[in-house]
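All residue numbers in this chain count up from 1 along the given sequence.
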Amino acid sequence: MAVKIKLKRLGKIRAPHYRIVVADSRTRRDGRAIEEIGLYHPVQNPSRMEVNAERVAYWLSVGAQPTEPVLAILKKTGDWQKFKGEPAPAPLLVAEPKADKRALFEAAAKDSGNEPKGEAITPKAKKADKKADEAAAESTSESTEA
């Protein structure tokens, strides 16, 4: 029986989260799992990755094969390097939360006041103006050739 370490999808349509599970390779993606060994929440900022390192080491040692997405997660957490005997990766950097766009917009609106800045810089060109410009360009090119 081939055993895989793979992701089991949970959550709503546009808000997925996954569990890292050990399952038979023949089972469905969200089918019955032998054991759950971690979590992965990609939508959170920064993404949340929790892995039970002891259980991962055990399952890798008995021959379980990780899928590509799980392998990427294990490389980021350092469990794959520990299993292979390679040096540990650099620690994950936690990204600073982004500034609230609504608050920035309101602050900019208060600074500029309620007065409009003026009209648009480039006026819209009408079709008649474009045709006149093209006709003028053609007449100048004809006069320079003669």
Side-chain angles (χ1 to χ4, degrees), residues 1-134 136-138 140-141 144:
M1 177 169 93
V3 178
K4 291 244 182 212
I5 302 174
K6 56 187 179 178
L7 295 177
K8 179 178 183 178
R9 189 183 195 281
L10 302 167
K12 298 179 183 179
I13 291 175
R14 287 177 178 66
H17 58 276
Y18 300 89
R19 290 191 182 150
I20 301 171
V21 298
V22 178
D24 182 5
S25 63
R26 297 169 288 185
T27 60
R28 295 173 293 163
R29 175 190 71 179
D30 301 334
R32 191 177 70 183
I34 298 170
E35 182 180 357
E36 293 180 1
I37 57 175
L39 301 172
Y40 175 52
H41 295 268
V43 178
Q44 290 182 356
N45 189 12
S47 355
R48 178 178 164 199
M49 290 181 256
E50 293 179 16
V51 178
N52 185 342
E54 294 173 3
R55 297 308 297 164
V56 168
Y58 167 76
W59 283 107
L60 290 173
S61 68
V62 295
Q65 295 296 313
T67 60
E68 288 184 24
V70 173
L71 182 61
I73 292 171
L74 295 178
K75 285 182 179 179
K76 286 190 178 188
T77 60
D79 293 318
W80 183 254
Q81 288 87 343
K82 189 185 301 182
F83 172 69
K84 289 292 188 178
E86 298 172 358
L92 294 176
L93 299 175
V94 177
E96 295 180 17
K98 295 181 180 177
D100 184 22
K101 291 182 179 180
R102 185 179 190 104
L104 290 173
F105 175 76
E106 290 172 356
K110 286 180 183 177
D111 291 341
S112 65
N114 294 334
E115 299 175 23
K117 297 281 183 179
E119 296 183 18
I121 297 171
T122 308
K124 291 186 178 179
K126 296 182 180 178
K127 291 182 183 178
D129 294 338
K130 288 183 181 178
K131 290 180 182 176
D133 291 338
E134 291 173 4
E138 289 178 10
T140 56
S141 65
T144 56

Under 3.5 Å, which donor-acceptor pairs do the side chains of residues 59-66 form with other protein atoms, sequence neighbours left out?
| from | atom 1 | to | atom 2 | distance (Å) |
| --- | --- | --- | --- | --- |
| W59 | NE1 | E35 | OE1 | 2.7 |
| S61 | OG | A57 | O | 3.3 |
| S61 | OG | Y58 | O | 2.5 |

Measure from the side-chain N and O atoms of D79 to the backbone N and O of A53, and report whether any donor-acceptor pair falls under 3.5 Å. no
If you round to the nearest 0.5 Å, how far is NZ of K6 from CZ of R28? 10.0 Å
Nearest 0.5 Å, what's the CG-NZ distance between L74 and K82? 11.0 Å
CZ/R48 to NE2/H17 distance, rounded to the nearest 0.5 angstrom? 9.5 Å
Between S47 and P42, what is the shortest heavy-atom contact and its length? CB-CA, 3.9 Å
Hey, could you give me the CG/CD1 distance between L71 and I5, rounded to the nearest 0.5 Å? 9.5 Å
If we only count heavy atoms from C-beta on, is the I73 to L7 side-chain gap below 4.5 Å? yes
With rounding to the nearest 0.5 Å, note down the distance linking NZ in K76 to CD in Q81. 12.0 Å
Give, for atom CG of L39 and atom CE of M49, the distance between the pair rounded to the nearest 0.5 Å. 12.0 Å
